[in-house]
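We count residues from 1, following the sequence as given. Side chains are part of it too, since the values below use all heavy atoms of this structure and drop only hydrogens, waters and symmetry mates.
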Amino acid sequence: MDIRQLQTEDNRRSVLWFLLYDPDYQLSDSMLHSCFIAHGKRLSFDLLKTTMQWLCEQGLTTVTTNNGIDNLALTDRGLEVAKGIVNAIGVRDLRPSERAEIQAINGY
């Protein structure tokens, strides 16, 4: 697997991770972009939008647009993938430390 594919799968995991930690499991595209920046990940806004579209096509998220702002939300399947209950091809698997963190915080 090449480095670009690894980065793509990691970006998809990161979006799901950020959504999982939001109380209502949804964030705007600009907030997601800010999350990437805050975590030291360089991601163009265009690449973020492509990632968002891919996650929607896989049924892991839905997108709604309000006043020109795209809001991404986890679906039930997306929530299961975000928590590591199931795996999705094209999304990086959770690391053991990430699984432990989710279990400690959410009691899963």
Do you know which two heavy atoms are closest between Leu94 and Gly84, and how far apart they sit? CD1-CA, 3.4 Å
Do the non-hydrogen side-chain atoms of Gln26 and Leu74 ever get within less than 4.5 Å of each other? no
Heavy-atom side-chain proximity of Val15 to Leu72 below 4.5 angstrom: yes
With a cut-off of 6.0 Å (strictly less than), are more than 12 heavy atoms of other residues, nucleotides or ligands near CG of Asp2? yes
Ser34 backbone acceptor or donor facing His39 side chain under 3.5 Å: no
Pairwise side-chain contact, Arg13 with Val81, heavy-atom cut-off 4.5 Å (strictly under): yes
Quick check against the 3.5 Å criterion: does Thr65 have a side-chain atom that pairs as donor or acceptor with the backbone of Gly68? no
Side-chain ion pair, Lys49 and Asp70, N-O less than 4.0 Å: yes
Is there a continuous path of hydrophobic side-chain contacts, each under 4.5 Å between heavy atoms, that joins Ile37 to Leu16? no
Check whether any side-chain heavy atom of Leu48 sits under 4.5 Å from a side-chain heavy atom of Leu32, and report yes or no. yes
Once you round to the nearest 0.5 Å, how far does CG of Leu47 lie from NE2 of His33? 9.0 Å
How many angstroms lie between atom CD of Gln53 and atom OG1 of Thr61, to the nearest 0.5 angstrom? 10.0 Å
Among all residues two or more places apart in sequence or in another chain, which pass the salt bridge (Lys or Arg N to Asp or Glu O under 4.0 Å) test with Arg99? none
So how far is it from Ile89 CD1 to Glu9 CD, rounded to the nearest 0.5 Å? 9.5 Å
What distance separates Asn71 CG from Thr62 OG1, expressed to the nearest 0.5 Å? 9.5 Å
Once rounded to the nearest 0.5 Å, what's the spacing between atom CZ of Phe45 and atom OG1 of Thr50? 11.0 Å
From Leu20 CG over to Ser14 OG, what is the distance, rounded to the nearest 0.5 angstrom? 12.0 Å
Residue pair Trp54 / Val91, side-chain heavy-atom distance below 4.5 Å: yes
Is there a salt bridge (charged side-chain N to carboxylate O under 4.0 Å, His left out) between Glu98 and Arg92 once you walk through the steps? CA-CA 12 Å; Glu98 293 169 331; Arg92 179 183 59 76; 3.1 Å; yes
In terms of hydrophobic clustering (I, L, V, M, F, W, Y; side-chain heavy atoms under 4.5 Å; direct or indirect links), are Met52 and Ile69 co-clustered? no
